[in-house]
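Below is one structure, written out as structure tokens; the observations come after it.
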Amino acid sequence: MSSAAAARPVRAAIIGGGIGGLAAANALLQRGVDVQVYEQAAELGEVGAGVFIYPNSLRQLERMGFREALAAVGGKVGAGSHYKRMDGTVVGNIVTADSSGWNGMYGMHRADILNALAAALPRGMVHTGHRCVGFSQTDESATVTFANGRSIEADVVIAADGIRSVLQPFVVEPSPPEYSGFRAYRGLIERDKLDSWPDRTHQVWMGHGKHFMVFPVRSGTLLNYVGFVPLDIETVESWSAVGDRDQLAASFADWDPLIGKLLDKVESCFWWGLFDRRPLRTWCNGRLTLLGDAAHPMLPHLGQGANQAIEDGVALGVLLQGRSARDVPAVLRAYEALRRPRASMVQTESRRNGMRYDSQYESLAKRDEEIRNIATLRLSLYDYDVEAAALEAAREAA
Ligand SMILES: Cc1cc2nc3c(=O)[nH]c(=O)nc-3n(C[C@H](O)[C@H](O)[C@H](O)COP(=O)(O)OP(=O)(O)OC[C@H]3O[C@@H](n4cnc5c(N)ncnc54)[C@H](O)[C@@H]3O)c2cc1C
């Protein structure tokens, strides 16, 4: 490797401009990495759905300068957030703060967080219309090729291309998608359409083989609802198939009347099949690494998928700061050592929590006890500071 390459900032190519890719772009940029993002779609965009941003990632996003932008669009939740049985009987409180009492969480419209992340990047850094189709590397650098005929060279390639990652097979034998047996109906409804609603709360109803949840997004002007129902046949990993509103309403017809009141106002909804993959054996190969759903797709039952993706980006930013192209393979190994155990644990716990939500228990009393105790796991997730952990890992590696 030339001495010029050793002296200049690391050149990073991020493949995928979703929440994970754009959060990583900001984290790397702020730490002096020369970063470019390549997204297959003709323009950046997100589906009309909600995502919860929890203290473990909001802490990082606020440090990165997104405090005001997210506060302007987030939906706050707090006291009155409950886990309930299907008839509305309260089982326990949902934790809405970390151990210090910081209520650092928002229900977010996915487009709102994506827009905030994109707006902070310099014009020209995100290259849309670039569908990655190939990858190769030498000891010196990596090359990515795109369906549009272009190819680019970088010192590090970060695959943030989602659950169907085309780059994952260049890292490890692919872990096949596993269908959970569930379909999720989701949508957004204007808060004003409902006469009354427990505002500023997150509500989860748990029934036999199904669960339903609602939380506010876009400063509380919209409510995000998701109904999880069993379906034997495998359904696509799509985020945007049009759902049958009547089927959704029928699935929850004999539940808490509050759900019925909300669904009465729903005119259309979307659905998607819920898939995850088992934790991977490794996340990196030389100059290529995986991030977000490309590395650790998980079921949504702890609401941590995007949060873990954001943590990944922060970790990479810290570990790449001040390093040279020559250091990249060692940096990626340190990234994997830091991130893979935690993300794998969250993948496993997300499956387990889905069983609680869907009441897949012989004794509901035992399930209810576990739900009340889930606060311990949630606090351990929320209190984690990935920046501090990555700085520690960087010190140890030095
Ligand atoms: C029902 C449900 C609810 C959820 N709720 C939450 C929640 O409350 N909190 C939470 O943290 N997470 C939640 N998640 C999970 C979260 O949405 C995902 O984990 C997160 O969006 C992953 O981000 P990503 O950037 O890794 O992948 P993606 O969002 O899938 O982005 C991948 C990007 O890569 C692009 N791309 C794909 N292939 C290529 C290619 N070949 N070349 C170039 N670009 C490519 C895609 O177009 C896309 O823009 C939920 C998920 C589900 C299913």
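On a predicted model such as this, the values are computed, not experimentally measured, just so you know. Start at 1 and go down the list; that is how both ligands and their atoms are numbered.
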- So does Q360 have more than 12 non-hydrogen atoms from other groups sitting under 6.0 Å from CD? yes

- Task: Check the surroundings of atom CZ in R200: do more than 12 heavy atoms from other residues, nucleotides or ligands lie under 6.0 Å from it?
- Result: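 No, CZ of R200 has 12 or fewer neighbouring heavy atoms, counting only those of other groups under 6.0 Å.
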
- Task: Mind checking the OH-CZ spacing from Y83 to R367? Nearest 0.5 Å is all I need.
- Result: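 Those atoms lie 11.0 Å apart.
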
Which of the numbered atoms in ligand 1 are under 4.0 angstrom from any heavy atom belonging to [X]?
{"X": "R131", "value": "41 (N), 42 (N)"}
{"X": "H130", "value": "42 (N), 43 (C)"}
{"X": "W272", "value": "1 (C), 2 (C), 52 (C), 53 (C)"}
{"X": "Y38", "value": "43 (C), 44 (N)"}

- Item | Counterpart residues, ring-ring contact (aromatic ring centres under 6.0 Å, His included), relative to W197 (two or more places apart) |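 W197: no ring-ring contact (aromatic ring centres under 6.0 Å, His included) contacts found.
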
- Message: Does the plane of the ring in F146 sit parallel, tilted or perpendicular to the ring in H130? Use 30° and 60° as the thresholds.
- Response: perpendicular

- Message: Please verify the inter-ring angle class for Y357 with H301; under 30° counts as parallel, over 60° as perpendicular, anything in between as tilted.
- Response: perpendicular

Contact partition for [X] relative to ligand 1, non-hydrogen atoms under 4.0 Å:
{"X": "R186", "result": "neither"}
{"X": "Q308", "result": "neither"}
{"X": "I15", "result": "side chain"}
{"X": "D293", "result": "both"}
{"X": "C132", "result": "both"}

- Ion pair present between E311 and R342, side-chain N to carboxylate O less than 4.0 angstrom?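 Yes.
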
Does ligand 1 have an atom under 4.0 Å from some heavy atom of [X]?
{"X": "Y54", "answer": "no"}
{"X": "V226", "answer": "no"}
{"X": "A160", "answer": "yes"}

- Query: Is there a donor-acceptor pair closer than 3.5 Å between any side-chain N or O of D87 and the backbone N or O of T89?
  - Reply: yes

- Query: Do the side chain of Q203 and the main chain of G80 share a donor and acceptor less than 3.5 angstrom apart?
  - Reply: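 Between the backbone of G80 and the side chain of Q203 there is a qualifying donor-acceptor contact (under 3.5 Å).
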
Between [options], flag the one that comes closest to [atom] by a heavy atom.
{"atom": "atom 28 (P) of ligand 1", "options": "G292, G162, A184", "answer": "G162"}
{"atom": "atom 5 (N) of ligand 1", "options": "A309, P300, S165", "answer": "P300"}
{"atom": "atom 14 (N) of ligand 1", "options": "R110, M298, M108", "answer": "R110"}
{"atom": "atom 7 (C) of ligand 1", "options": "F275, F146, F52, F182", "answer": "F52"}

- Polar-atom distance check: G305 versus ligand 1, any N or O pair below 3.5 Å? yes

- Report yes or no: do F170 and I152 belong to one cluster of Ile/Leu/Val/Met/Phe/Trp/Tyr joined by side chain heavy-atom distances under 4.5 Å? yes

- Item | Row check, F275 ring normal vs R164 NZ/CZ: under 6.0 Å, within 45° | no

